[in-house]
2 protein chains.
Amino acid sequence: MALEVVLKLENSTYLKDPQGSEIGKKIIKSSIVLISELGYEHFTFKKLAFEIKSTEATIYRYFENKHKILVYIMELYWSYIHLQVLMAIREINDTHKKIEKIIDLLVWEDNQDVSFGGYDQSSLYKICITEGSKAFLSKEVESLNKQKLFEPYKELVEMIAAVFKVHNPDFKYCRSLASSLIELSHFQYYFMHHLPRLADLPEKTPKSLEIYLSHIVFGALNFR
Amino acid sequence: MALEVVLKLENSTYLKDPQGSEIGKKIIKSSIVLISELGYEHFTFKKLAFEIKSTEATIYRYFENKHKILVYIMELYWSYIHLQVLMAIREINDTHKKIEKIIDLLVWEDNQDVSFGGYDQSSLYKICITEGSKAFLSKEVESLNKQKLFEPYKELVEMIAAVFKVHNPDFKYCRSLASSLIELSHFQYYFMHHLPRLADLPEKTPKSLEIYLSHIVFGALNFR
DNA sequence: TTTTAATGATAGTAATACTATCATATTTAA
DNA sequence: TTAAATATGATAGTATTACTATCATTAAAA
């Protein structure tokens with residue numbers, strides 16, 4: 001299956017819509033590869049300009065600064081997961097199975113078979129694991145938040161929380177559990193690969209991470 | 001109660017031990033205040049030098065770069081929590097109560113009454129909430145890890161994991177649960193204050209966060 | 001009291017994160 | 001078809017950052 005998906009982001013993450021031009025698309029594609037290779041801190045507009053065979057000036061016409069590019073990429077990720085989850089759980093009736101599916105979609109295999117905007121899937125996953133939280137852990141949160149930059153994250157959390165709510169209407173922390181699930185799926189993946197003494201997932205398989213996350217989610221939902 | 005605690009860190013976080021001189025202590029104290037005020041990204045050696053009425057050159061004799069200062073501060077935090085937990089749970093026999101105490105110590109009230117090294121407690125907490133994960137989410141992890149820079153975090157996780165293991169010897173993810181607990185205590189605190197739609201803790205009280213974390217931990221430990 | 005170590009003062013460099021300007025190419029609209 | 005608008009390229013320049021290096025001065029230790 002090769003499904004083409006194009007997600008349109010509507011907010012002030014960018015100055016000029018990168019989806020609207022060839023060079024804009026190259027900016028996003030190359031940013032994803034570069035940030036995952038160099039790490040966010042070592043990623044610069046100069047390196048990106050060289051990569052897309054253009055100039056810094058051009059990039060600045062699309063994005064105010066590199067942080068906005070990171071936020072844009074994370075918005076792509078959140079919207080993408082949102083869409084994937086929506087499509088996948090539609091046909092499932094059992095909430096337990098829905099939740100298992102959500103966990104499955106949050107933990108990516110190396111071979112993601114759904115192409116999406118032509119972006120490098122494994123680079124995108126690397127970024128959301130290692131750089132994702134840097135999108136909102138900054139002094140500028142309040143201002144970025146006012147500009148609705150984290151809307152896709154919030155919508156994803158609310159959608160997952162709604163599934164939790166159906167599973168257990170008495171559970172009071174559905175949103176917290178949803179955001180915890182998303183963050184933990186990244187952090188535990190990172191720990192199992194880079195700081196293994198902070199986790200007990202020696203096999204380093206997506207499956208073992210999914211089992212751990214299931215314990216967390218169903219443990220909390222079925223508590224008491 | 002005013003308890004004086006001095007923690008000695010033994011590794012290559014620093015070039016010259018900041019605890020060994022007045023100016024060294026000022027570097028740490030002011031870094032804690034400055035990073036919490038400006039955020040890690042806007043914190044520079046120049047601003048720090050101005051604050052301690054010294055020069056950049058002097059700071060470079062203590063720390064290679066600002067990232068090492070952040071790691072040093074996080075090591076202080078992890079060691080401090082470790083010590084607090086050790087002292088607190090010694091006299092508790094019931095593992096359930098031990099775990100509740102751990103959660104209590106991870107979530108700080110505004111008025112921490114235990115002075116520790118003369119550092120500003122609320123600034124230290126702010127840093128570990130907002131900047132903490134930046135200490136290890138970097139391309140340099142592997143190298144920093146080889147230099148044993150995350151040892152205090154690992155020891156804290158292993159200590160908490162040991163308590164979980166006594167509570168439920170069959171639970172297979174004690175380390176992951178411990179690191180999850182620590183990270184979630186920071187992230188959910190951050191969400192409840194800055195991105196409230198990602199959490200359901202409208203009261204924004206330490207207590208409500210502790211209750212949520214208890215659900216996660218005991219939910220997972222008592223699962224099935 | 002002499003050596004050693006710590007700090008201060010100063011200078012300099014390469015890279016980063018921008019801002020600004022003008023020319024040129026391309027697209028669109030009158 | 002031509003004029004106007006828009007997008008990009010080329011280039012330059014600035015303030016700040018993240019260092020490295022050197023030498024003088026001061027304080028502490030032998």
Side-chain angles (χ1 to χ4, degrees), chain A residues 12-31 34-35 37-73 131 134-135 137-140 143-144 147 149, chain B residues 12-31 34-35 37-73 131 134-135 137-140 143-144 147 149:
Chain A
S12 44
T13 314
Y14 50 76
L15 298 171
K16 184 193 302 192
D17 185 4
Q19 312 247 39
S21 71
E22 278 315 304
I23 209 157
K25 285 177 207 155
K26 275 210 280 185
I27 288 175
I28 303 304
K29 269 196 194 180
S30 295
S31 291
L34 271 185
I35 293 177
E37 274 175 5
L38 306 172
Y40 176 67
E41 286 74 19
H42 299 297
F43 165 76
T44 66
F45 274 19
K46 196 171 189 177
K47 291 170 187 169
L48 177 58
F50 176 81
E51 202 64 21
I52 64 171
K53 287 171 189 61
S54 179
T55 60
E56 287 179 74
T58 300
I59 302 168
Y60 276 107
R61 287 179 188 117
Y62 285 88
F63 291 97
E64 262 178 86
N65 51 52
K66 70 173 180 170
H67 189 245
K68 290 275 175 102
I69 295 192
L70 178 63
V71 174
Y72 185 91
I73 292 171
E131 322 293 349
K134 296 171 191 169
L137 292 178
S138 95
K139 280 288 158 184
E140 286 80 33
S143 135
L144 298 171
Q147 295 166 55
L149 298 204
Chain B
S12 43
T13 314
Y14 50 76
L15 299 169
K16 184 194 302 193
D17 185 4
Q19 312 247 39
S21 70
E22 278 315 303
I23 208 157
K25 284 176 207 156
K26 275 210 280 185
I27 288 175
I28 303 304
K29 269 197 195 179
S30 295
S31 292
L34 271 186
I35 294 176
E37 273 174 6
L38 307 171
Y40 176 67
E41 286 74 18
H42 298 297
F43 165 75
T44 67
F45 274 18
K46 196 172 188 176
K47 291 171 186 167
L48 177 57
F50 176 81
E51 203 63 23
I52 63 171
K53 288 170 189 60
S54 178
T55 60
E56 286 179 75
T58 299
I59 302 168
Y60 276 107
R61 288 179 186 117
Y62 284 88
F63 291 97
E64 262 178 85
N65 51 53
K66 69 172 181 170
H67 189 245
K68 290 275 174 102
I69 295 191
L70 177 63
V71 174
Y72 185 91
I73 292 172
E131 322 293 349
K134 296 172 191 169
L137 291 178
S138 95
K139 280 287 160 188
E140 287 79 32
S143 135
L144 297 172
Q147 296 166 55
L149 298 204

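So that the names make sense, note that chain A is the first sequence line, chain B the second, and so on, each numbered from 1. Note: hydrogens, waters and symmetry copies are ignored here, and every other heavy atom, side chains too, is used.
Going from atom CD of A:Glu22 over to atom P of C:dT27 covers 12 Å, rounded to whole Å. A:Ile69 has its CD1 atom 14 Å from the C1' atom of C:dC18, to the nearest Å. To the nearest angstrom, C1' of D:dA7 lies 14 Å from NZ of A:Lys26. Summarising the geometry, the separation between CG on A:Leu48 and P on D:dT8 is reported as 14 Å, rounded to the nearest angstrom. The distance from atom CD of A:Glu41 to atom P of C:dT16 is 13 Å, rounded to the nearest whole Å. B:Leu15 has its CG atom 16 Å from the P atom of D:dA18, to the nearest Å. Protein atom NZ of A:Lys53 is 17 Å distant from nucleotide atom P of D:dT8, rounded to whole Å. Regarding A:Phe43, its CZ atom lies at a distance of 18 Å from the P atom of C:dA15, rounded to whole Å.
Of the candidate nucleotides D:dG9, C:dA9, D:dT17, D:dT17 has the atom lying nearest to any side-chain atom of B:Thr44. Residue B:Ile23 has its side chain nearest to C:dG8 when only D:dT8, D:dT17, C:dG8 are considered. Closest to the side chain of B:Thr58, from the set D:dG9, C:dT7, C:dA17, is C:dT7.
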Next item on the list: Could you walk me through whether A:His42 and B:Glu140 pass side chain to side chain contact (heavy atoms under 4.5 Å, CB included), step by step?
Entry: CA-CA 11 Å; A:His42 299 297; B:Glu140 287 79 32; 2.9 Å; yes
Quiz item: Does the pair A:Tyr62 and A:Ile28 meet the rule for a side chain to side chain contact (heavy atoms under 4.5 Å, CB included), with working shown?
Solution: CA-CA 10 Å; A:Tyr62 285 88; A:Ile28 303 304; over 6 Å; no
Considering only nitrogen or oxygen atoms on both sides, find all protein atoms under 3.5 Å from nucleotides 19-30 of chain D and state each distance.
{"from": "D:dC19", "atom 1": "O5'", "to": "B:Tyr60", "atom 2": "OH", "distance (Å)": "3.2"}

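In terms of phosphate contacts, A:Tyr62 brings no side-chain nitrogen or oxygen within less than 4.0 Å of OP1 or OP2 of D:dA7.
Residue A:Glu64 is tested with A:His67, A:Lys66, A:Lys68 for a side-chain hydrogen bond (donor to acceptor under 3.5 Å, both in side chains); the sole match is A:Lys68.
The side-chain heavy atoms of A:Leu48 and A:Ser31, taken from C-beta on, include a pair separated by under 4.5 Å. Looking only at side-chain heavy atoms (C-beta outward), B:Ile59 and B:Ile52 come within less than 4.5 Å of each other.
Under the side-chain contact (heavy atoms from CB on, under 4.5 Å) criterion, B:Glu131 pairs with B:Ile35, B:Tyr40, B:Glu41, B:Leu70, B:Ile127, B:Lys134, not counting sequence neighbours. Every residue two or more places apart in sequence or in another chain that forms a side-chain contact (heavy atoms from CB on, under 4.5 Å) with B:Lys46 is listed here: B:Thr44, B:Glu56.
If you check every strand for non-hydrogen atoms under 4.0 Å, A:Phe63 touches nothing.
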